[in-house]
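We name chains A, B, ... by the order of the sequence lines, and we start the count at 1 in each one. The model shown is predicted, which means the values in this text are computed figures rather than measured ones. Just so it is clear, the values below take in all heavy atoms, side chains as well, and ignore hydrogens, waters and symmetry mates.
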Amino acid sequence: MEQNLKEILLKHSNELFGLQVEEQLIQFQKTRKEVEGDLTLVIFPFVKLLRCSPLEAGDKIGRFLMKQNSSIEKYEVVSGFLNFVISPEFWISKLNAIHQEATYGYAKENSKPLIMVEYSSPNTNKPLHLGHLRNNFLGYAVSEILKANGHSVIKTQVINDRGIHICKSMLAWEKFSPLNEKGERETPQNTGLKGDKLVGKYYVIFDQQFNAEAKTIITGWESGDFTHFSEDIKTEFNRLEEAKEGKDEKAVKGLDEKIKDLAKNQTTLIREAKDMLIKWEARDPQVYLLWTTMNNWVYAGFDVTYKAMGVDFDKLYYESETFLLGKDIVLEGLKKGVFFKKDDGSVWIDLTADGLDEKLVLRSDGTAVYMTQDIGTAIDRFNDYPALNGMIYTVGNEQDYHFKVLFLILEKMGYAWAKNCSHLSYGMVDLPTGKMKSREGTVVDADDLMQEVVDKATEMTRERGHLEGMSENEKNDLFNLIGMGGLKYYLLKVDPKKRMMFNPDESIELNGNTGPFIQYTHARIKSLLTKSAALNLEQATDCKNIEDVEKEIIKLLVEYPSIIEEAAKEQSPAVIANYTYELVKTYNNFYQTIPILIEENEITKHMRLVMSVNVAKVISSAMRLLGVKVPERM
RNA sequence: GGCCCCGUAGCUCAGCUGGAUAGAGCAAUUCACUUCUAAUGAAUAGGUCUUUGGUUCGAAUCCAAACGGGGUCACCA
């Protein structure tokens, strides 16, 4: 409708305004609720052109458009805004059109280029936590949204399965695991612990032992004991100690941190971990076996968690297989002059012309850094998938700078696809008690949280749900669907870019702007439809009139395809969430005030049911894009 | 300190490609279940959109600065 009127105005621009107006000037918007009308044209931009009052200008345009478009029933100019009332027939015809489309709102499958979406990127030394939940739900939802927009999508995760941090948990397990009566160390099998939890436990143990050892060392230094330590260490310690003199609290704290780091580097534990990493890199069979075994425990654990989360991946990348990539590319770039070498042999890129700094891409000993790897993997992926057009990295916003640099490097290296790479940057999840910190034990475990949320849903649903005749399995599925729906919706309804507050009590709340609120509306519609099975709801409606609320609902349904487009453009599932909430609220208002099944006029009743069918269709479709399932009853 | 992000009701968030009287949910108060699922709906109250200046017919929205909060500036990943 909007498009149609815009075209008419452009086509007859000369006739109306005496010159060809620019498209930008024509601004349509939704009519405000308090005002009568369905569509509004802003008149201010035309006032100057027509050299008359807004009222006259609006009247002139309104009269003209009404002649051109028969769906306009009337128009009115209010303080510079031209409001059109569109005929009920128009809206009903829209409803009928929506009714015919099974996948309403979705673009044609595979009509747009192939995109890779990376999300999750866990470390294999600890279990997934709340931050991963936001990351995963977000990455999954964006993938689904892109698919709905016609893209083909490859969902991937990078598994950070190597490095010193992995060796830490391996070492701790070897050193500190108690032996059972059979002389075995702890395993998922003999403890019943989930693999990722068991490995995570030893990562924590490493940290504790490591800190304790460092503390002992510092205590020794403080009492002047430097046996087993080099002269350099002694000098450095004394230098730091003396520097504390007369400094404020903050500076002293910083110096204490430096002393701690100094001591940490002297611990036997860190040395042993480093030795283990070197052995791993040399593919020492024993270390490799340990590494494989423990990683497999973690993968088994992750599988369970991912399944509960309802996310999946099409392709896995392991850092252990890709961490050497990128070096050749850097050397090639060095020849091309993209990078430069410093005297010590380290390789850098100078981004000062782009307003950034110099960035290291290869250490002086020739080994790779994080950036090197990322350059290599990006290129590797485009080699793996020749049809690949772009890539989206779902990574926290603390890495904004890293990705800015990465994309810039790839661009400078001459990769045309670099401009199609983007960082889906999301904000941190805060708790009411503050930031999540693993060291302070304030990390919210993903499995625990999901369990808690499902337990709460179980309790609430047993209390007020409509569960008659459901088997225990069906009931459990429902509890799960409600609990997980609530959690996902809670994490996705907020703009991903922004940091968000996670209130555990609110996440399992069932009233207001929540997942269960939307699910409930869906179930209620399904209940109506079950009771009206005798009617032919496939058929289009012949109804001629609609109530205001009904018109509002149809207007929202009409918006759905553009909402999906916007969500893809913004890479924001929150757009979908907020739209669905609006739709559901409007429908509930309708449901509460207008008779549906008990309506006596059969044609009206049929229309209201057809409308309900389509509201349920859109709710279910929109929630599917968020990874949220909707129940038939609850 | 340099750079990046954020600041809207008591709390959590929408709105931000400039447009009419800034919207929801939670919390508070009130009303509506012999009527289609009340996990609902209706209503009341709650705002100098951090501040100041600028651009404009018009600014929560754009620009600049200040203040406040966070992130980042490793030969860590």
What protein N or O atoms touch nucleotides 28-33 of chain B N or O atoms at under 3.5 angstrom, if any, and at what distances?
none

Where at least one partner belongs to residues 569-581 of chain A, residue pairs that pass side chain to side chain donor-acceptor pair (under 3.5 Å), sequence neighbours excluded:
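Qualifying pairs, neighbours excluded: A:S422-A:Q571.
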Counting the atoms with a prime plus P, OP1 and OP2 as sugar-phosphate, which does [X] contact under 4.0 Å by heavy atoms, base, sugar-phosphate, or nothing?
X	value
A:N160	nothing
A:T461	base
A:F517	sugar-phosphate
A:I594	base

Where along residues 568-587 of chain A does a heavy atom fall under 4.0 Å from RNA chain B?
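Close to the strand are A:N578, A:Y581, A:K585.
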Give, ordered by number, those residues of residues 487-504 of chain A having at least one heavy-atom distance below 4.0 Å to an atom of RNA chain B; if nothing qualifies, reply none.
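RNA chain B contact set from residues 487-504 of chain A: A:V494, A:D495, A:K498, A:R499, A:M500, A:M501.
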Could you tell me whether the side chains of A:H606 and A:N601 share a donor-acceptor contact shorter than 3.5 Å?
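No.
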Check salt bridge (charged side-chain N to carboxylate O under 4.0 Å, His left out) between A:D380 and all other residues, then give those that pass, not counting sequence neighbours.
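A:D380 satisfies salt bridge (charged side-chain N to carboxylate O under 4.0 Å, His left out) with no other residue.
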Holding to salt bridge (charged side-chain N to carboxylate O under 4.0 Å, His left out), I want the full list of residues that pass it with A:E281, two or more places apart in sequence or in another chain.
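For A:E281, the residues satisfying salt bridge (charged side-chain N to carboxylate O under 4.0 Å, His left out) (neighbours in sequence not counted) are A:R162.
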Where each residue is assigned the nucleotide of RNA chain B containing its nearest heavy atom, which of A:L478 and A:Y401 is assigned the position nearer the 5′ end?
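In this pair, the answer is A:L478.
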Closest-nucleotide mapping onto RNA chain B: is A:D365 or A:I482 further toward the 5' terminus? I mean the 5' end.
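Nearest-nucleotide comparison on RNA chain B picks A:I482.
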Run the ring-centre check on A:F81 versus A:F44 and record whether the distance is less than 6.0 Å.
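For A:F81 and A:F44, the ring centres are under 6.0 Å apart.
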Any chance the rings of A:F502 and A:Y490 have centres within less than 6.0 Å?
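Aromatic pair counts; centres sit under 6.0 Å.
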Side chain of A:H466 only, heavy atoms from C-beta on: which candidate in B:U37, B:A39, B:A77 is closest?
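Nearest to the side chain of A:H466 among the choices is B:U37.
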Given B:U37, B:A77, B:U72, identify the nucleotide with an atom nearest to the side chain of A:R524.
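Nearest nucleotide to the side chain: B:U37.
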With sequence neighbours left out, what residues match [X] under side-chain contact (heavy atoms from CB on, under 4.5 Å)?
X	answer
A:E565	A:N149
A:L316	A:Q157, A:I159, A:F313, A:Y318
A:D261	A:K264

Under 3.5 Å between N/O atoms: give me all the protein pairs with nucleotides 19-21 of chain B, atom names plus distance.
residue	atom	partner	partner atom	Å
B:G19	N7	A:Q27	OE1	3.3
B:A20	N6	A:T40	OG1	3.0
B:A20	N6	A:N83	OD1	3.2
B:A20	N1	A:N83	OD1	3.4
B:A20	N1	A:N83	ND2	3.4

Can you give the dot-bracket line for RNA chain B, using ( ) for pairs inside the strand, [ ] for pairs that cross earlier ones, | for pairs with another strand and . for unpaired bases, where Watson-Crick and G-U count if both distances are under 3.5 Å?
(((((((..((((.....[...)))).(((((.......))))).....(((((..]....))))))))))))....
Ring pair (Phe, Tyr, Trp, His ring centres under 6.0 Å) against A:F339, all qualifying residues, sequence neighbours excluded
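Partners of A:F339 under the ring pair (Phe, Tyr, Trp, His ring centres under 6.0 Å) test: none.
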